Amino acid sequence: MSHVFHRHLKHAYPTAVGGEGPYLIDAQGKRYLDACGGAAVSCLGHSDAEVIEAVRDQVGRLAYAHSSFFTTEPMEELADFLVERAPAGLSSVYFVSGGSEAVEAALKLARQYFIERGEPQRKHLIARRQSYHGNTLGALATGGNAWRRQQFEPLLVEVSHVSPCYAYRDQAPGETPEAYGERLATELEAEIQRLGPENVMAFVAEPVVGATLGAVPAVPGYFRRVREICDRHGILLVLDEVMCGMGRTGTLFAAEQEGVTADLVTIAKGLGAGYQPIGATLVSERIRAAIAEGSGFFQHGHTYIGHATACAAALAVQRTIEARGLLERVVSLGEGLQQRLEARFGDHPHVGDIRGRGLFRGLELVAERDAKTPFDPERKLHAAVKRAAMDEGLMCYPMGGTLDGRRGDHILLAPPFILDDAQLDEIVDKLDASLTRVLTHS
């Protein structure tokens, strides 16, 4: 018996012993093409020599220094790198160890900002159903993943949830994308008015919804309207780019493609590409200034924030992506992947939608294509697809509860940025074989 408290105590896991580019290798020598980057993490694959050397070099000089005593060169350099490339107005970076911590920091920064400004009544958060913002209690409360929230509901703070921007399911027949976006903006405005605009602290959203919905981008103009509504009421806009950011959708920050900036942006996953655990919250100048000119102290912190080795690894990852022109490659590879998915599954009776941006793609599975009828959740189709794909030597990220936390299944693909065209074919071939096995025999 393993003494590890694994994610699922009734599941036996293969032992990963090595990595080679986009492949992971288990103890029996079987190779798995990592078409999901673990969880949209491993954007440089599993054996990048430059990043490995940067980690070794930093550990050899200084592995860790507590941030209440010191700053470090890699932390300062990584913050400079990110701010220089961030959307307008973001002027500083608060480093943490992962995405949930980044969201927790953003929520606390939003609250402290209004305390410092003398608006302590601003305490309400608005987010969206079918979103995911992390598993710590504040992040879980903010997220709209009903299944993840359910058993912990008594521990969660109250957060308002409005509709997601989910055109495949919710855009009405004959409704233009712009009209649909405007309808959602009206819903957000109505919820703000219900709570009282003077009482609302922030609106939190993923620019491209990841794990819970399966790579769902917003309709054109939606986020510009959200930004306008937030500005009109003095509400902070928090964009969660933990999964969709750091080049995953073809630009370093996903918000760039929406034509908006945010007051707080959370990042992780692809920031360090799995070579070290790291996340960050990017902070606007007005939030920084309010705290700097007030108490000067952010009442928050973790032991490993700004970890020197983690920052050195992330800086090496980001410099490597930039030096190799991999963001441009994400766009071309993403188009190639989308074309292959559409060619293979565009007429598939059980694939209702193929969507996403860059190397962030989702397939929604349906029992009946024309009516968009979901499979019976008792079948746990997503789990069967994951098992079949692993048997085929493919790692993908299927999830259930796409519609409402219980019904619906989708598959998320988020492969490394270093693929070649043959590996795009391998993803589609193995995914096809996996779906055929599951849908034929289940």
Side-chain angles (χ1 to χ4, degrees), residues 6-8 10-43 45-46 210-215 243 248 269 274 333-334 336-338 340-346 348-356 359-367 374-375 377 379-402 408-416 418-442:
H6 285 289
R7 283 175 175 255
H8 198 310
K10 296 182 180 180
H11 181 73
Y13 296 88
T15 301
V17 297
E20 185 179 305
Y23 296 91
L24 281 167
I25 305 163
D26 72 14
Q28 280 66 51
K30 182 174 178 178
R31 295 164 67 87
Y32 304 80
L33 178 55
D34 188 357
C36 57
V41 173
S42 301
C43 55
H46 300 281
T212 301
L213 274 186
M243 188 170 255
R248 175 57 58 191
K269 296 187 185 290
L333 284 168
L337 180 56
Q338 182 75 9
R340 286 165 171 81
L341 292 171
E342 290 176 353
R344 187 68 61 91
F345 302 112
H348 195 290
H350 298 301
V351 176
D353 192 28
I354 304 169
R355 56 200 179 218
L359 284 175
F360 200 43
R361 301 286 167 173
L363 296 85
E364 185 160 336
L365 305 179
V366 291
F375 283 95
R379 289 182 64 171
K380 292 185 168 55
L381 186 70
H382 58 285
V385 170
K386 182 177 180 180
R387 289 194 299 270
M390 287 290 281
D391 288 344
E392 294 287 339
L394 178 72
M395 294 165 59
C396 59
Y397 198 118
M399 285 289 290
T402 313
D409 301 90
H410 66 263
I411 300 167
L412 186 67
L413 299 173
I418 58 171
L419 296 183
D420 57 33
D421 286 346
Q423 288 157 345
L424 294 179
D425 293 331
E426 184 180 349
I427 290 173
V428 174
D429 289 344
K430 289 183 172 179
L431 184 59
D432 192 3
S434 305
L435 287 175
T436 298
R437 286 177 56 187
V438 171
L439 295 170
T440 302
H441 299 108
S442 65

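Quantities reported herein were computed from a predicted structural model and do not represent experimental measurements. One is the number of the first residue; the rest follow in order along the sequence. Because only heavy atoms are used, hydrogens play no part in the values below, and waters and symmetry mates are left out as well, while side chains stay in.
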Testing the basics here: between [X] and [Y], what is the closest heavy-atom pair and its distance to 0.1 Å?
{"X": "Val438", "Y": "Ala384", "answer": "CG2-O, 3.5 Å"}
{"X": "Pro374", "Y": "Ala367", "answer": "O-CB, 3.8 Å"}
{"X": "Ala39", "Y": "Lys269", "answer": "O-CD, 3.0 Å"}
{"X": "Phe375", "Y": "Leu381", "answer": "CD1-CD2, 3.3 Å"}
{"X": "Leu394", "Y": "Ala35", "answer": "CD1-CB, 3.6 Å"}

[X] side chain near [Y] side chain, heavy-atom distance below 4.5 Å:
{"X": "His410", "Y": "Leu213", "result": "no"}
{"X": "Arg344", "Y": "Asp429", "result": "yes"}
{"X": "Gln423", "Y": "Pro22", "result": "yes"}
{"X": "Val17", "Y": "Leu24", "result": "no"}
{"X": "Cys36", "Y": "Leu412", "result": "no"}
{"X": "Thr402", "Y": "Thr212", "result": "no"}
{"X": "Leu419", "Y": "Ile427", "result": "yes"}

For His8, which residues count as a ring-ring contact (aromatic ring centres under 6.0 Å, His included) partner, sequence neighbours excluded?
-> none
Lys430 atom NZ: more than 12 heavy-atom contacts under 6.0 Å = yes
Verify the neighbour count for atom CD of Glu342: are there more than 12 heavy atoms of other residues, nucleotides or ligands below 6.0 Å?
-> yes
What's the separation between atom [atom1] in [X] and atom [atom2] in [Y], rounded to the nearest 0.5 Å?
{"X": "Leu359", "Y": "Ile418", "atom1": "CG", "atom2": "CD1", "value": "11.0 Å"}
{"X": "Arg340", "Y": "Arg361", "atom1": "CZ", "atom2": "CZ", "value": "12.0 Å"}
{"X": "Ile25", "Y": "Lys30", "atom1": "CD1", "atom2": "NZ", "value": "13.0 Å"}
{"X": "Met243", "Y": "Phe360", "atom1": "CE", "atom2": "CZ", "value": "5.5 Å"}
{"X": "Met390", "Y": "Ser434", "atom1": "CE", "atom2": "OG", "value": "11.0 Å"}
{"X": "Tyr32", "Y": "Met395", "atom1": "OH", "atom2": "CE", "value": "9.5 Å"}

Say whether, by atom type as modelled, one donor and one acceptor occur between the side chain of Arg437 and the main chain of Ala389 under 3.5 angstrom.
-> no
With Phe345 as reference, evaluate Asp353, Ile411, Leu365, Leu363 under the side-chain contact (heavy atoms from CB on, under 4.5 Å) test and give the passing residue.
-> Leu363
Salt-bridge contact Asp409-Arg379 (side-chain N to carboxylate O under 4.0 Å) = no
Parallel, tilted or perpendicular: ring planes of Tyr13 versus His11, cut at 30 and 60 degrees = perpendicular
Using the test side-chain hydrogen bond (donor to acceptor under 3.5 Å, both in side chains), find all partners of His46 that sit at least two apart in sequence or belong to another chain.
-> Asp34
